[in-house]
Amino acid sequence: MEPTDRAFVASARTGDAEAFRVLVERHSRALFGLAYRMTGNESDAEDVVQESFLRAYRQLGKFDERSSFGSWVYRIAVNCSLDLVRSRQRRSEAPRPAGPEMEDPIDALPATGPAPDRIALGGELRSLVAAAMARLSDAERSAFVLRHFEGMRIEEVGRALGCQPGAAKHSVFRAVQKLRRALEPAMSPVK
Amino acid sequence: MNHQHLSEEELVLRYYGEERDPADAGRRLEECGECRALYASLQRTLNVMDSLPVPERGPEFGERVWRRIESRLASRPRLWLGWAPWRWAAAGAACAGLLALAFLAGRSLPRAQSPTPVAAADPQVGERILMAAVGDYLERSQMVLVELVNADPKGPLDISAEQARAANLVSEARLYRQTAAYAGDAAVGGVLDDLERVLVGIAHEPSRISPEALEKLRERLKNEGILFRIRVLGSNVRREEEPAGAPAGQRL
Ligand SMILES: [Zn+2]
């Protein structure tokens with residue numbers, strides 16, 4: 001049997017960096033998936049993964065050894081993603097210069113959804129989905145990711161986002177509404 | 001009859017299993033085609049969201065993260081306690097690759113709540129686009145399997161890249177099974193179930209596989225006839241995708 005996270009956490013707490021390294025190597029890819037969905041951007045997601053492990057290392061003393069390291073570091077990554085998303089929101093309140101990072105992928109698509117026969121490939125469906133996600137506001141995207149991909153109940157989403165359950169619910173609804181409007185034309189029956 | 005339509009919000013909550021009164025919502029769905037159509041549209045959208053692409057990170061990603069943060073870790077006071085228990089255990093572990101695989105295995109766990117399949121949706125609606133996605137999924141699965149079947153290593157072979165792809169495919173599997181259920185296609189559903197099992201199995205192999213273990217894996221793939229079945233299914237699906245394809249109602 002390979003040693004569990006618990007053994008590595010215990011060693012890392014005593015200052016054993018090699019033990020922490022094992023934890024980093026074990027959990028990085030899962031955190032990347034979460035961070036990518038939360039931030040919608042590869043380089044931001046990589047930053048989130050790094051920052052999450054740095055925070056985890058600093059807070060190891062606070063970690064309750066009876067709980068799972070995986071879910072603990074996951075939670076830290078959710079918070080790091082939110083911090084980044086919030087700081088992006090603040091930045092976006094200031095006028096931004098036009099640049100490639102402002103490009104909205106969905107703007108490149110025709111105003112009316114392409115006819116189903118034009119997106120006959122699964123790959124194109126996936127890029128439509130990505131474009132629809134990119135159109136959500138940061139609040140909508142993070143609430144939706146936590147509900148849809150991370151399986152959190154709406155109440156938990158509210159707690160994770162630091163808002164009332166009502167506001168979290170509203171963000172999830174708005175997200176689903178926008179996604180449905182963006183994707184439904186591509187999935188409608190052929191007339 | 002005083003039917004009150006279900007709101008979009010109520011239907012979203014139903015999809016995620018968070019509705020307050022499931023029995024009441026179920027009854028209202030049952031009695032109203034309009035409500036059912038809205039729910040079907042919502043299900044299509046949310047099911048398709050599962051295909052959201054997440055760029056792949058290879059098994060070396062964790063090591064890269066480590067290299068980037070290593071120097072930034074404020075050194076915690078080192079307590080010398082001899083060889084930490086985990087090192088003993090690690091030394092005993094048969095294969096270091098197992099560590100990475102434990103993670104792959106964890107990823108393939110299904111989500112706690114799975115949405116209910118569409119009850120009485122128009123089978124034509126959106127079927128082609130979804131079938132196209134199934135076709136693409138089958139093709140990508142086939143590529144992974146073919147690579148493994150055709151490999152002819154003289155020594156242990158590193159299959160971690162194939163495993164990462166298999167794990168990704170597993171994470172998409174739910175969407176396509178839903179699609180098949182939606183199209184009322186039990187045969188497709190059966191093949192997808194078997195394919196998912198095979199992919200999970202591949203993700204669970206050691207990442208450095210010996211020629212003997214690879215041979216065994218190949219044997220298993222052959223016995224299941226899985227490659228043949230997904231090829232046949234793939235070509236049927238592609239036929240169904242074509243705009244002037246099979247007449248309405250015809251199934252695979
Ligand atoms: Zn109704």
Side-chain angles (χ1 to χ4, degrees), chain A residues 1-3 7-8 10-17 19-22 24-30 32-33 36-37 42 46 49-50 53-54 57-58 60 70 116-117 119-123 125-127 129-130 133 147-148 151 153-154 169 172-173 176-177 179-180 183-184 186-190, chain B residues 8-9 12-13 16 18 41-42 44-46 48-49 51-55 57 59 61-63 65-66 68-70 72-79 81 84-87 89-90 92-93 98-100 102-103 106-107 111-113 122 124-126 128-130 132-137 241 243:
Chain A
M1 263 303 283
E2 88 226 31
F8 293 104
S11 289
R13 276 180 141 168
T14 69
D16 183 345
F20 192 68
R21 174 193 192 138
V22 174
V24 170
E25 292 183 353
R26 273 187 188 183
H27 295 281
S28 283
R29 286 164 79 194
F32 177 80
Y36 180 78
R37 284 175 169 145
E42 282 188 64
E46 293 204 351
V49 175
Q50 289 172 36
F53 282 114
L54 286 169
Y57 192 74
R58 286 196 290 268
L60 265 182
D117 50 314
I119 36 175
L121 288 171
L125 176 62
R126 281 200 303 281
S127 52
V129 166
M133 266 308 260
R147 174 55 272 195
H148 188 82
R153 296 185 68 78
I154 285 173
K169 203 188 258 184
V172 172
F173 291 158
V176 174
Q177 211 171 40
L179 293 170
R180 195 165 74 81
L183 297 172
E184 184 64 8
M187 299 191 295
S188 299
V190 192
Chain B
E8 199 166 345
E9 282 85 346
V12 171
L13 291 179
Y16 289 124
E18 290 204 53
S41 153
L42 203 85
R44 278 196 299 278
T45 301
L46 291 173
V48 126
M49 289 313 295
S51 70
L52 178 69
V54 173
R57 284 297 175 274
F61 177 61
E63 205 184 305
V65 172
W66 172 252
R68 289 207 194 131
I69 64 170
E70 194 180 0
R72 291 168 64 198
L73 297 178
S75 59
R76 301 179 66 86
R78 183 79 176 89
L79 299 174
L81 303 169
W86 71 264
R87 287 175 201 275
L98 283 176
L99 301 183
F103 159 72
R107 264 174 60 109
R111 241 186 293 144
Q113 291 137 7
D122 173 357
Q124 271 270 288
V125 177
R128 246 170 53 205
I129 185 80
L130 292 174
V134 171
D136 175 65
Y137 174 78
E241 259 168 47

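Since we're looking at a predicted model, the values are computed, not measured.
- Taking the side chain as every heavy atom from C-beta outward, B:Trp66 and A:Phe53 never approach each other to under 4.5 Å.
- Contact detail for B:Val65 and A:Gln50: the closest heavy-atom pair is CG1-CG, 4.2 Å.
- Salt bridge absent: A:Lys169 and B:Glu18 never bring a charged side-chain N and a carboxylate O closer than 4.0 Å.
- The pair A:Glu46-B:Arg68 meets the salt-bridge criterion, with a side-chain N (NZ, NE, NH1 or NH2) lying under 4.0 Å from an Asp/Glu carboxylate O.
- Both the backbone and the side chain of A:Arg180 come within contact range of chain B, with heavy atoms under 4.5 Å apart.
- Of all non-hydrogen atoms in A:Phe20 and B:Ile69, the two that sit nearest each other are CE2-CD1, 4.4 Å.
- Interface remark: B:Glu8 contributes side-chain atoms only to the contact with chain A (heavy atom separation under 4.5 Å).
- Inspection of the B:Arg57 and A:Ser28 side chains reveals no N or O donor paired with an N or O acceptor under 3.5 Å.
- Put simply, the side chain of B:Pro59 reaches to within 4.5 Å of the side chain of A:Arg29, judged on heavy atoms.
- Using a 4.5 Å heavy-atom cutoff, the side chains of A:His148 and B:Tyr16 are in contact.
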- [ ] Kindly indicate, with the supporting measurements, whether the criterion side chain to side chain contact (heavy atoms under 4.5 Å, CB included) is fulfilled by A:Leu183 and B:Val48.
- [x] CA-CA 9 Å; A:Leu183 297 172; B:Val48 126; 3.9 Å; yes
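- The side-chain heavy atoms of A:Glu184 and B:Arg44, taken from C-beta on, include a pair separated by under 4.5 Å.
- Annotation: maximal heavy-atom pairing with chain B below 4.5 Å, among A:Val172, A:Val49, A:Ile154, occurs at A:Ile154.
- Put simply, of A:Glu42, A:Arg21, A:Glu25, the one with the most heavy-atom pairs under 4.5 Å next to chain B is A:Arg21.
- To the nearest 0.5 Å, atom CZ of residue A:Arg37 and atom CE of residue B:Met49 are 9.0 Å apart.
- Closest of all the heavy-atom pairs between A:Val24 and B:Gly62 is CG1-O, 3.7 Å.
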